[in-house]
Amino acid sequence: VQLQASGGGLVQPGDSLRLSCAASRRMSGSYALGWFRQAPGKDREFVAAIRYSGHTYYGDSVKGRFAISRDNAKNTVYLQMNSLKPEDTAVYYCATSRYSYGSRTQSDYPYWGQGTQVTVSS
(Lines give C-alpha, C1' and ligand atoms only; values in the text may rest on other atoms or scores of the structure.)
Protein backbone atom coordinates (compact mmCIF):
# COMPACT_ATOMS: atom_id res chain seq x y z
CA VAL A 1 0.00 0.00 0.00
CA GLN A 2 1.30 3.43 -0.93
CA LEU A 3 0.11 6.58 0.79
CA GLN A 4 0.29 10.01 -0.82
CA ALA A 5 -0.06 13.04 1.44
CA SER A 6 -0.83 16.51 0.09
CA GLY A 7 -2.14 19.91 1.12
CA GLY A 8 0.78 21.33 3.06
CA GLY A 9 2.02 24.86 2.64
CA LEU A 10 2.98 28.16 4.23
CA VAL A 11 0.25 29.87 6.26
CA GLN A 12 0.00 32.58 8.89
CA PRO A 13 -0.87 32.02 12.55
CA GLY A 14 -4.60 31.60 12.98
CA ASP A 15 -5.12 30.28 9.46
CA SER A 16 -6.55 26.91 8.48
CA LEU A 17 -5.21 24.16 6.27
CA ARG A 18 -6.55 20.80 5.14
CA LEU A 19 -4.28 17.85 4.51
CA SER A 20 -5.28 14.83 2.46
CA CYS A 21 -3.80 11.37 2.22
CA ALA A 22 -4.86 8.87 -0.41
CA ALA A 23 -4.05 5.16 -0.28
CA SER A 24 -3.17 3.40 -3.51
CA ARG A 25 -5.73 0.67 -2.85
CA ARG A 26 -8.29 -0.33 -0.36
CA MET A 27 -6.88 -2.40 2.43
CA SER A 28 -8.80 -5.45 3.54
CA GLY A 29 -10.02 -5.20 7.07
CA SER A 30 -11.02 -2.22 9.17
CA TYR A 31 -7.74 -0.50 9.88
CA ALA A 32 -7.31 2.82 11.62
CA LEU A 33 -5.59 5.70 9.85
CA GLY A 34 -3.41 8.24 11.55
CA TRP A 35 -1.44 11.45 11.23
CA PHE A 36 1.91 12.13 12.86
CA ARG A 37 4.23 15.11 12.61
CA GLN A 38 7.89 15.85 13.07
CA ALA A 39 9.25 19.30 13.77
CA PRO A 40 12.91 20.17 13.15
CA GLY A 41 15.10 18.72 15.87
CA LYS A 42 12.21 16.90 17.55
CA ASP A 43 10.87 13.38 17.64
CA ARG A 44 7.91 12.41 15.53
CA GLU A 45 4.72 12.79 17.52
CA PHE A 46 1.16 11.52 17.30
CA VAL A 47 -1.38 14.02 15.99
CA ALA A 48 -4.64 12.17 15.36
CA ALA A 49 -6.12 8.84 14.36
CA ILE A 50 -9.48 7.56 13.19
CA ARG A 51 -11.05 4.13 13.27
CA TYR A 52 -12.87 2.68 10.28
CA SER A 53 -16.11 3.42 12.15
CA GLY A 54 -15.16 7.10 12.46
CA HIS A 55 -14.17 7.18 16.12
CA THR A 56 -11.36 9.70 16.57
CA TYR A 57 -8.31 10.17 18.78
CA TYR A 58 -6.21 13.32 19.19
CA GLY A 59 -2.92 14.40 20.63
CA ASP A 60 -3.21 16.87 23.50
CA SER A 61 -1.52 19.68 21.59
CA VAL A 62 -4.07 19.67 18.75
CA LYS A 63 -7.27 18.70 20.55
CA GLY A 64 -10.03 21.19 19.80
CA ARG A 65 -8.19 22.70 16.81
CA PHE A 66 -7.65 19.77 14.44
CA ALA A 67 -10.21 17.34 13.05
CA ILE A 68 -9.48 14.03 11.37
CA SER A 69 -11.93 12.39 9.00
CA ARG A 70 -11.92 9.64 6.40
CA ASP A 71 -13.72 8.64 3.24
CA ASN A 72 -13.58 4.86 3.09
CA ALA A 73 -14.96 4.76 -0.45
CA LYS A 74 -12.05 6.92 -1.63
CA ASN A 75 -9.42 5.31 0.64
CA THR A 76 -8.59 8.81 1.86
CA VAL A 77 -7.98 10.39 5.25
CA TYR A 78 -8.10 14.13 5.93
CA LEU A 79 -6.73 16.42 8.60
CA GLN A 80 -8.49 19.76 8.99
CA MET A 81 -6.19 22.09 10.89
CA ASN A 82 -7.66 25.29 12.35
CA SER A 83 -6.21 28.07 14.48
CA LEU A 84 -2.73 27.12 13.40
CA LYS A 85 0.20 28.15 15.56
CA PRO A 86 3.92 28.48 14.78
CA GLU A 87 4.52 25.40 16.92
CA ASP A 88 2.41 23.38 14.47
CA THR A 89 5.20 23.79 11.93
CA ALA A 90 6.37 20.30 10.97
CA VAL A 91 6.38 17.65 8.31
CA TYR A 92 3.06 15.82 8.56
CA TYR A 93 2.88 12.10 7.80
CA CYS A 94 -0.13 9.89 7.26
CA ALA A 95 -0.02 6.22 8.13
CA THR A 96 -2.11 3.06 8.18
CA SER A 97 -2.37 1.12 11.43
CA ARG A 98 -2.16 -2.65 11.71
CA TYR A 99 -5.01 -2.43 14.21
CA SER A 100 -8.60 -1.25 14.13
CA TYR A 101 -8.12 1.17 17.03
CA GLY A 102 -6.28 4.47 16.82
CA SER A 103 -2.91 3.72 18.36
CA ARG A 104 -0.55 6.55 19.34
CA THR A 105 2.48 4.30 18.81
CA GLN A 106 4.40 4.72 15.55
CA SER A 107 5.45 1.07 15.41
CA ASP A 108 1.76 0.10 15.15
CA TYR A 109 1.66 1.76 11.72
CA PRO A 110 3.40 -0.34 9.02
CA TYR A 111 2.58 1.91 6.05
CA TRP A 112 3.60 5.56 5.82
CA GLY A 113 3.22 8.39 3.34
CA GLN A 114 6.12 10.58 2.25
CA GLY A 115 5.16 13.59 4.36
CA THR A 116 3.96 17.09 3.55
CA GLN A 117 5.48 20.29 4.96
CA VAL A 118 3.34 22.66 6.99
CA THR A 119 4.89 25.98 7.94
CA VAL A 120 3.07 28.48 10.16
CA SER A 121 4.79 31.83 10.19
CA SER A 122 3.97 35.52 10.03
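Predicted, not measured: the structure shown is a model, and the values here were computed from it. Below, all heavy atoms of this structure are taken into account, side chains as well, without hydrogens, waters or symmetry copies.
- Checked against side-chain hydrogen bond (donor to acceptor under 3.5 Å, both in side chains), Q117 has the following partners two or more places apart in sequence or in another chain: T119.
- For the pair Y78 and D71, the minimum side-chain heavy-atom distance is below 4.5 Å.
- Here the OH-CH2 distance, from Y93 to W35, works out to 12.0 Å after rounding to the nearest 0.5 Å.
- The minimum heavy-atom distance linking G102 with A49 is given by the pair CA-CB, 3.7 Å.
- Below 30°, between 30° and 60°, or above 60°: for Y99 and Y101 the angle between ring planes is below 30°, a parallel geometry.
- Connection of Y57 to W112 is established within a shared hydrophobic cluster, with ILVMFWY side chains joined at heavy-atom distances below 4.5 Å, either directly or through further cluster members.
- In terms of modelled atom types and a separation under 3.5 Å, the side chain of T116 and the main chain of G8 share a donor-acceptor contact.
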Without placing hydrogens or testing angles, list every side-chain donor-acceptor pair under 3.5 Å for residues 63-70, not counting sequence neighbours.
| residue | atom | partner | partner atom | Å |
| --- | --- | --- | --- | --- |
| K63 | NZ | D60 | OD1 | 3.4 |
| R65 | NH1 | S83 | O | 2.9 |
| R65 | NH1 | D88 | OD2 | 2.8 |
| R65 | NH2 | S61 | O | 3.0 |
| R65 | NH2 | D88 | OD1 | 2.9 |
| R65 | NH2 | D88 | OD2 | 3.4 |
| R70 | NE | N72 | OD1 | 2.6 |
| R70 | NH1 | Y31 | O | 2.9 |
| R70 | NH1 | I50 | O | 3.2 |
| R70 | NH1 | R51 | O | 3.4 |
| R70 | NH2 | Y31 | O | 3.2 |
| R70 | NH2 | N72 | OD1 | 3.2 |

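- Among pairs with a residue in residues 81-122, those fulfilling disulfide (SG to SG under 2.5 Å) read C21-C94, at least two apart in sequence or across chains.
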request  = Any chance you could lay out the side-chain contact (heavy atoms from CB on, under 4.5 Å) test for Y109 and S103, step after step, and finish with the verdict?
outcome  = CA-CA 8 Å; Y109 293 79; S103 171; 4.2 Å; yes
Would you tabulate the side-chain donor-acceptor contacts of residues 40-47 under 3.5 Å, counting partners in other chains and residues two or more places apart, or write 'none'?
| residue | atom | partner | partner atom | Å |
| --- | --- | --- | --- | --- |
| E45 | OE2 | R37 | NE | 2.6 |
| E45 | OE2 | R37 | NH2 | 3.0 |

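- Contact between S100 and A32 at its shortest, heavy atoms only, is O-CB, 3.6 Å.
- For residues 89-115, the set of pairs meeting the salt bridge (Lys or Arg N to Asp or Glu O under 4.0 Å) definition, not counting sequence neighbours, is empty.
- In this structure, F36 is not a member of the same hydrophobic cluster as V77, with clusters built from ILVMFWY side-chain heavy atoms closer than 4.5 Å.
- Side-chain atoms of V118 and T89, non-hydrogen and from C-beta on, never get closer than 4.5 Å to each other.
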Listed pairs under 3.5 Å, donor-acceptor, residues 10-20 side chains, sequence neighbours left out:
| residue | atom | partner | partner atom | Å |
| --- | --- | --- | --- | --- |
| D15 | OD2 | Q12 | N | 3.0 |
| S16 | OG | N82 | OD1 | 2.9 |

